[in-house]
Amino acid sequence: MDVLRRASLLTALVGGLLLALAGPAAAVPVGWSDPPPVSGLTVVWLLVGIPVGLFALVVLMVYLPPLARGERVAPGSGQLEDQWIGGPRHGTKELAAPDSADSEAGGARGAW
């Protein structure tokens with residue numbers, strides 16, 4: 001229990017010290033202008049409107065060209081079925097199967 005008391009006291013002291021040292025940072029120096037406060041609508045526009053707008057722009061840039069060509073872009077439309085980039089062109093029938101015990105077809109020639 002003594003360790004918990006010491007840890008909480010240390011946390012409170014460090015937190016208080018940080019708050020005390022951060023107080024002067026909020027002051028406006030003499031001769032500097034004091035800008036007007038920012039409205040809530042401006043904050044919402046900056047933090048929500050712009051990111052949502054950029055997201056919508058990226059979505060349009062991805063989906064608009066296929067839609068203009070008349071392609072379906074719905075999930076499961078079947079355009080990308082069985083796609084293996086750099087793999088056999090006619091499916092797995094091009095992959096050679098081992099035909100004997102000494103065959104080196106397939107695998108990494110592992111011996112067990």
Side-chain angles (χ1 to χ4, degrees):
M1 191 57 112
D2 191 40
V3 173
L4 182 61
R5 186 177 301 151
R6 285 182 185 176
S8 62
L9 179 63
L10 180 64
T11 303
L13 286 174
V14 168
L17 182 64
L18 286 175
L19 285 175
L21 291 175
V28 177
V30 176
W32 283 22
S33 67
D34 192 12
V38 179
S39 71
L41 185 61
T42 304
V43 171
V44 169
W45 169 247
L46 286 174
L47 297 179
V48 176
I50 292 176
V52 167
L54 288 174
F55 177 78
L57 180 68
V58 169
V59 167
L60 281 175
M61 289 172 57
V62 168
Y63 283 112
L64 201 56
L67 288 174
R69 290 189 300 263
E71 300 174 4
R72 289 187 62 204
V73 292
S77 63
Q79 291 183 354
L80 299 177
E81 288 182 18
D82 300 332
Q83 190 174 43
W84 184 1
I85 300 181
R89 296 176 188 220
H90 300 291
T92 56
K93 64 183 177 185
E94 288 185 4
L95 299 176
D99 50 0
S100 67
D102 297 333
S103 175
E104 295 181 358
R109 295 190 219 162
W112 305 99

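Hydrogens, waters and symmetry mates play no part in the numbers below; they use all other heavy atoms, side chains included. Worth saying up front: this structure is predicted, and the values here are computed from it rather than measured.
Chaining together hydrophobic side chains whose heavy atoms lie under 4.5 Å apart leaves Leu64 on its own.
Pro65 pairs by the side chain to side chain contact (heavy atoms under 4.5 Å, CB included) definition with Arg69, not counting sequence neighbours. Applying the side chain to side chain contact (heavy atoms under 4.5 Å, CB included) rule to Val48 yields the partners Val44, Val52; only residues at least two apart in sequence or on another chain are considered. Here Leu46 pairs with Thr42, Ile50 under the side chain to side chain contact (heavy atoms under 4.5 Å, CB included) rule; sequence neighbours left out.
The hydrophobic clustering, which links ILVMFWY residues whose side-chain heavy atoms are closer than 4.5 Å, places Leu54 and Leu47 apart.
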Side chains of residues 24-33: which donor-acceptor pairs under 3.5 Å do they make with residues two or more places apart or in other chains?
none

Can you give the donor-acceptor pairs under 3.5 Å from side chains of residues 7-21 to other protein atoms, not counting sequence neighbours?
unit_1	atom_1	unit_2	atom_2	d
Ser8	OG	Leu4	O	3.2
Ser8	OG	Arg5	O	2.9
Thr11	OG1	Ala7	O	2.8

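Applying the salt bridge (Lys or Arg N to Asp or Glu O under 4.0 Å) test to residues at least two apart or on different chains, none of the pairs has a partner in residues 37-54.
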